Amino acid sequence: MNHYDFKAIEQKWQQYWEEKRTFSTTVDPQKPKYYILDMFPYPSGEGLHVGHPLGYIASDIVARYKRSKGYSVLHPMGFDAFGLPAEQFAIQTGQHPAITTAKNIQRYKQQLQQLGLSYDWDRRISTTDPNYYKWTQWIFLQLFESWYDTNLQKARPIKALITIFEQHGNQQVQASCDKDVPLFTAQAWQQMDESTRQQRLLGYRLAFLEDTTVNWCPELGTVLANEEVKDGLSERGGYPVIRKQMKQWSLRITAYANRLLDGLDRIKWPLSTKEMQRNWIGKSVGAEVVFKTTTKDQAYTISIFTTRPDTIFGVTYLVLSPEHALAKTIGTNAQQTSIEAYITQAANRSDRDRLADVTHVTGAFTGAYAIHPFTKKPLPIWIADYVLGGYGTGAVMGVPAHDSRDYAFAKHFNLPIVSVIAGTNTTQGAYEEKEGVLINSDFLDGLPVQEAIQQIIQKLEELEIGKQKTSYRLRNAIFSRQRYWGEPFPIYYKNGIPYPLPVEELPLELPAMATYKPTSTGEPPLGNAPNWETKAGYPLELSTMPGWAGSSWYFFRYMDPHNHSNFVGKTAQSYWKAVDLYLGGAEHATGHLLYARFWTKFLYDLGYVRVEEPFEELIHQGMIQNKSSFVYRIKGTNQFVSHNLRHAYDTISMHVDIHLVKNDVLDLERFKNWRPDLHDASFILENGQYICDSEIEKMSKSKYNTINPDTVVAQYGADTLRLYTMFLGPLEQAKPWDMHGIEGVFRFLVKVWRLFYSETGPKALTNETPSKEALKVIHKAIKKVEEDIKRYTFNTAVSNLMICVNELTALKCSNQTILKNLVLILAPFAPHLAEELWQLLGYTHGVIAEPFPQYEEAYVQEEVYEYPIAINGKVRAKITFDAHTPQLEIEKRVLAHEALQKWIQGQSIKKIIIVPNKMVNIVV
RNA sequence: GCCAAGGUGGUGGAAUAGGUAGACACGCAAGACUUAAAAUCUUGUGGACGAUUUUGUCCGUGCGGGUUCGAGUCCCGCCCUUGGUACCA
């Protein structure tokens with residue numbers, strides 16, 4: 001083998017690694033541990049494109065480097081395999097999603113393996129494996145059997161709560177619970193029947209049933225997330241979506257809001273992601289204030305939440321959200337018709353309408369009045385949909401002078417505007433700054449805002465009409481999906497009350513089905529399953545868990561994937577603890593990454609894991625972009641017009657497969673054969689050609705601009721693909737893929753090969769003491785490459801490897817010691833080639849087992865340094881000095897230097913700055 | 001609107017604590033090898049002017065200011081691009 005035969009080399013070593021179980025990981029207390037994890041993929045039917053492995057390659061380099069530094073490295077891979085595409089495919093074809101999924105996993109695994117990624121495949125998991133989802137169900141049961149004690153700030157077993165109820169009732173219980181739990185005494189608890197008790201407990205459980213308004217899509221038979229709804233239609237399929245009340249499983253993530261927020265300060269994550277989670281949690285500190293109404297027959301109280309209790313003297317009205325419990329009852333008879341009309345209208349307004357209509361102010365007057373707690377003046381009570389039912393108390397005090405939404409509302413309905421901050425002009429809009437001195441505010445007059453807030457809260461608490469309160473934007477997470485292809489809930493119903501299945505009966509496996517569609521009555525698909533009930537004949541829950549259930553704890557399972565008695569064993573958990581470095585897309589910032597933190601904290605509270613944060617350090621890889629091509633179709637026809645002629649026609653653009661386009665010229669024949677509907681396509685050409693438009697976009701199947709790694713590997717090999725993917729640019733940045741550039745990286749690997757092989761065969765390597773120059777070159781590279789790996793700048797690491805090889809080639813280096821080191825620093829990047837050359841060097845153990853070379857400062861020391869000499873910051877000459885030349889000597893010789901005379905002449909020298917081994921600057 | 005990241009040659013990008021801007025690679029140009037092409041190798045390659053033998057001069061990191069002996073890097077004010085978010089009281 002005299003030429004670089006990457007195909008043979010890569011096959012050989014991949015086989016070797018698999019046979020030798022090279023990457024199999026064990027708990028080794030003698031070694032420090034390092035857990036490096038990639039976000040596991042959903043195995044879609046399309047397979048991988050070159051954008052997917054970006055993060056996998058980066059983490060693989062780190063994993064291999066860490067191994068060479070003596071760590072026991074846990075580097076696993078698995079599959080997040082529940083999900084809609086497989087289910088949709090099942091609905092269309094009748095094929096069980098498990099079959100589709102298994103096939104896709106097989107393909108993904110094969111694609112990943114051919115990249116030479118050093119995963120411990122024996123630890124592979126799939127969320128769809130009953131042995132795995134048994135434990136997802138088990139964790140759900142733990143949530144069901146727990147409540148959150150806000151005094152202790154931790155989750156506790158529901159049994160402890162029952163004991164408290166038996167002894168003291170629930171009046172003293174500080175818990176994160178439903179808003180409207182009724183209060184009861186110990187005696188009342190004793191007298192309750194079983195189903196009432198269960199109802200009460202449900203209000204405290206961390207997994208509980210909740211009435212929710214959801215985006216229901218009858219056609220798909222499922223509930224959609226807000227982002228899955230566009231223009232009142234489902235994003236997939238474009239079916240109508242309506243708002244519907246439903247009982248759904250929810251997880252009480254809000255209990256953890258504060259800990260989720262505080263934990264962010266302790267982890268090494270991208271600032272933007274932390275900031276996104278902070279905003280998502282949305283903590284605001286303010287006050288709750290109680291207003292009494294003046295209605296004669298019945299006195300109501302309305303609690304409002306505000307972050308500006310200092311502005312209480314600026315209140316001119318109150319607003320209830322249309323969903324507020326009192327909205328329908330508080331109004332006067334005269335107003336009742338218009339109130340109900342308004343509530344109905346608001347309820348039917350889709351989120352999209354509300355969004356589109358930010359400027360459009362609506363509301364209804366109730367006819368009722370509240371009393372201002374200090375001035376005793378009557379305040380009109382309104383209902384308006386700019387107040388949200390789900391936030392704070394669902395009611396606000398209107399302070400138009402100091403809140404822009406209140407301002408718009410007051411202007412629209414002609415309500416008074418009273419400024420309570422000195423010197424503010426509210427003729428044009430609200431003054432919202434939390435700065436200034438209070439006026440028109442009785443006992444608050446003259447106080448600065450911050451002090452006034454403290455004062456008023458104190459006063460409210462004194463009078464028992466309010467208290468300090470913290471609100472969070474974070475909502476409890478809906479945990480039910482009306483689908484088949486997810487984890488079944490280990491829950492059955494008795495008299496409509498949910499009960500947990502006994503742990504021994506887990507996993508509750510998905511039943512075989514004839515159809516995967518919703519039932520004719522709109523129940524989830526499991527409604528079609530025969531005998532979907534317990535042994536005693538009680539019906540089982542019909543919903544399944546959402547996609548994020550399995551991904552919220554999988555990082556623990558990798559530590560101990562074959563444990564049958566625990567989701568993770570104690571020994572494994574105490575050794576591996578948490579993920580040291582986690583790589584994955586930024587799109588999971590507020591979904592997966594938040595839920596995983598939530599579950600980890602919960603499992604920590606119950607003592608099952610020893611860490612409170614699952615991911616110590618996080619990196620998001622940037623997306624890979626590619627040029628995508630467009631054609632212009634003349635509307636309503638099958639005729640396409642070339643790019644520069646399109647303005648003469650009414651056209652719509654359409655993505656076209658980039659493989660049908662070369663240098664923006666479309667291959668007409670292949671285009672016609674691309675899809676059946678294009679067979680009879682006709683074209684309006686320019687200069688005899690069809691020119692496509694193009695744009696750099698995210699690489700994605702839907703844009704027809706994907707590059708399949710298989711074809712790249714076939715053409716250049718996995719090592720080239722790995723190297724080039726890293727060479728493209730900084731890991732975290734979005735960057736375009738360009739097939740032209742890959743040649744340079746391939747040439748680099750050939751150059752490496754040429755250091756070891758001539759045209760005729762392996763070169764004779766020498767065992768002499770290496771030359772000074774060669775030592776300098778290799779040690780410079782060892783240093784830079786190691787530094788680059790440590791700061792995850794793999795693009796410059798590759799550059800530095802290239803520089804090293806260029807220089808060694810120029811030196812015609814054939815020294816055994818030097819080349820050995822070169823192979824070792826190349827190994828994390830191009831592992832197949834490294835193994836091959838390592839073997840050639842005469843070693844019989846794999847390159848993996850060899851430590852990373854030690855950098856020696858002494859070899860890199862320069863003896864002379866060429867100083868750039870600048871006059872007033874502009875470089876005018878270069879003079880070489882011995883590295884240890886004293887500053888005075890440098891100064892003397894610089895001033896005497898001939899080429900500088902024309903710049904210095906006639907000028908007075910103010911100052912000479914000499915930065916040792918950097919530069920000299922003369923100020924004239 | 002708000003939050004975050006970014007803006008450097010024809011292109012991807014480099015410059016790690018404020019110290020020679022453009023490393024490395026692509027592309028392009030010229031040359032060598034070849035009947036020829038491909039591949040490979042050598043040289044050059046920010047722009048303008050000057051020189052064309054070696055010098056050299058000016059401009060240049062989105063725009064406008066500032067700090068500094070010295071700014072791609074720090075500060076102030078803008079513009080643009082990408083991502084996130086959206087009535088959260």
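Remember, predicted model here, so these are calculated numbers, not experimental data. All values below come from the heavy atoms of this structure, side chains included, with hydrogens, waters and symmetry mates left out. Each chain gets a letter, A, B and so on, in the order the sequences are listed, and its residues count up from 1.
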Measure from [atom1] on [X] to [atom2] on [N] and round the result to the nearest Å.
X         : N       : atom1 : atom2 : answer
Leu723(A) : rC26(B) : CG    : P     : 13 Å
Lys735(A) : rC26(B) : NZ    : C1'   : 17 Å
Asn806(A) : rC26(B) : CG    : P     : 10 Å
Lys812(A) : rC41(B) : NZ    : P     : 13 Å
Asn279(A) : rA4(B)  : CG    : C1'   : 10 Å
Phe409(A) : rC87(B) : CZ    : P     : 17 Å
Glu732(A) : rA4(B)  : CD    : P     : 17 Å
Trp737(A) : rU11(B) : CH2   : P     : 21 Å

Sugar-phosphate only, base, or nothing, as touched by [X] at under 4.0 Å among non-hydrogen atoms:
X         : answer
Asn795(A) : sugar-phosphate
Ser799(A) : base
Leu271(A) : nothing
Arg791(A) : base
Arg475(A) : base
Ser284(A) : sugar-phosphate
Pro730(A) : sugar-phosphate
Val396(A) : base
Gln733(A) : sugar-phosphate
Met802(A) : sugar-phosphate

Which of parallel (below 30°), tilted (30 to 60°) and perpendicular (above 60°) describes [X] and [Y]?
X         : Y         : answer
Tyr4(A)   : Trp753(A) : tilted
Phe881(A) : Tyr867(A) : perpendicular
Tyr724(A) : Trp737(A) : perpendicular
Phe794(A) : Phe829(A) : perpendicular

Write down the partner of [N] under the Watson-Crick or G-U wobble criteria, each distance required to be under 3.5 Å.
N       : value
rG56(B) : rC49(B)
rG77(B) : rC63(B)
rG83(B) : rC3(B)
rU11(B) : rA25(B)
rC41(B) : rG31(B)
rG72(B) : none

Which nucleotide, [options], lies nearest any side-chain atom of [X]?
X         : options                   : answer
Asn921(A) : rG19(B), rU85(B), rA89(B) : rG19(B)
Phe727(A) : rG12(B), rA4(B), rC69(B)  : rG12(B)
Leu728(A) : rG12(B), rG19(B), rU20(B) : rG12(B)
Lys918(A) : rA4(B), rU16(B), rG19(B)  : rG19(B)
Pro868(A) : rU20(B), rC69(B), rG19(B) : rU20(B)
His740(A) : rC26(B), rC69(B), rC87(B) : rC26(B)
Arg747(A) : rC58(B), rU40(B), rG19(B) : rU40(B)
Lys751(A) : rC3(B), rA86(B), rC41(B)  : rC41(B)

Any idea which heavy atoms bring [X] and [Y] closest together, and the distance?
X         : Y         : value
Asn705(A) : Glu697(A) : ND2-O, 3.7 Å
Arg308(A) : Thr311(A) : O-OG1, 2.8 Å
Arg754(A) : His3(A)   : NH2-CA, 4.4 Å

Pick the [atom1] atom in [N] and in [M], then give their distance to the nearest Å.
N       : M       : atom1 : value
rG60(B) : rU20(B) : C1'   : 15 Å
rG70(B) : rG13(B) : P     : 32 Å
rG19(B) : rA32(B) : P     : 44 Å
rG50(B) : rU57(B) : P     : 16 Å
rC74(B) : rA15(B) : P     : 14 Å
rU11(B) : rG46(B) : C1'   : 13 Å
rG1(B)  : rG72(B) : P     : 30 Å
rU61(B) : rU73(B) : C1'   : 10 Å

### Task
Answer yes or no: is there a donor N or O on one side and an acceptor on the other, between the side chain of His402(A) and the main chain of Glu432(A), under 3.5 Å?
no
### Query
Does rG60(B) fall in syn (glycosidic angle within 90° of 0) or anti?
anti
### Message
Checking understanding here: a glycosidic angle within 90° of 0 is syn, the rest anti, so what is rA17(B)?
### Response
syn
### Query
Want to settle it: does Glu743(A) or Ala734(A) sit nearer the 5' end of RNA chain B, counting the closest nucleotide to each?
Ala734(A)
## Note on the structure
Residue pair Arg876(A)/Thr307(A) against RNA chain B: nearer the 5' end by closest nucleotide is Arg876(A)
Give a yes/no on whether any side-chain N or O of [X] is located under 4.0 angstrom from OP1 or OP2 of [N].
X         : N       : answer
Arg473(A) : rA89(B) : no
Arg308(A) : rA89(B) : no
Tyr391(A) : rA89(B) : yes

#### Entry: Step-by-step side-chain contact (heavy atoms from CB on, under 4.5 Å) determination, Ile742(A) to Phe727(A)
CA-CA 9 Å; Ile742(A) 202 167; Phe727(A) 187 62; over 6 Å; no
### Task
In plain terms, say whether Glu787(A) and Lys784(A) are close enough for a salt bridge, that is, a side-chain N and a carboxylate O under 4.0 Å apart.
no
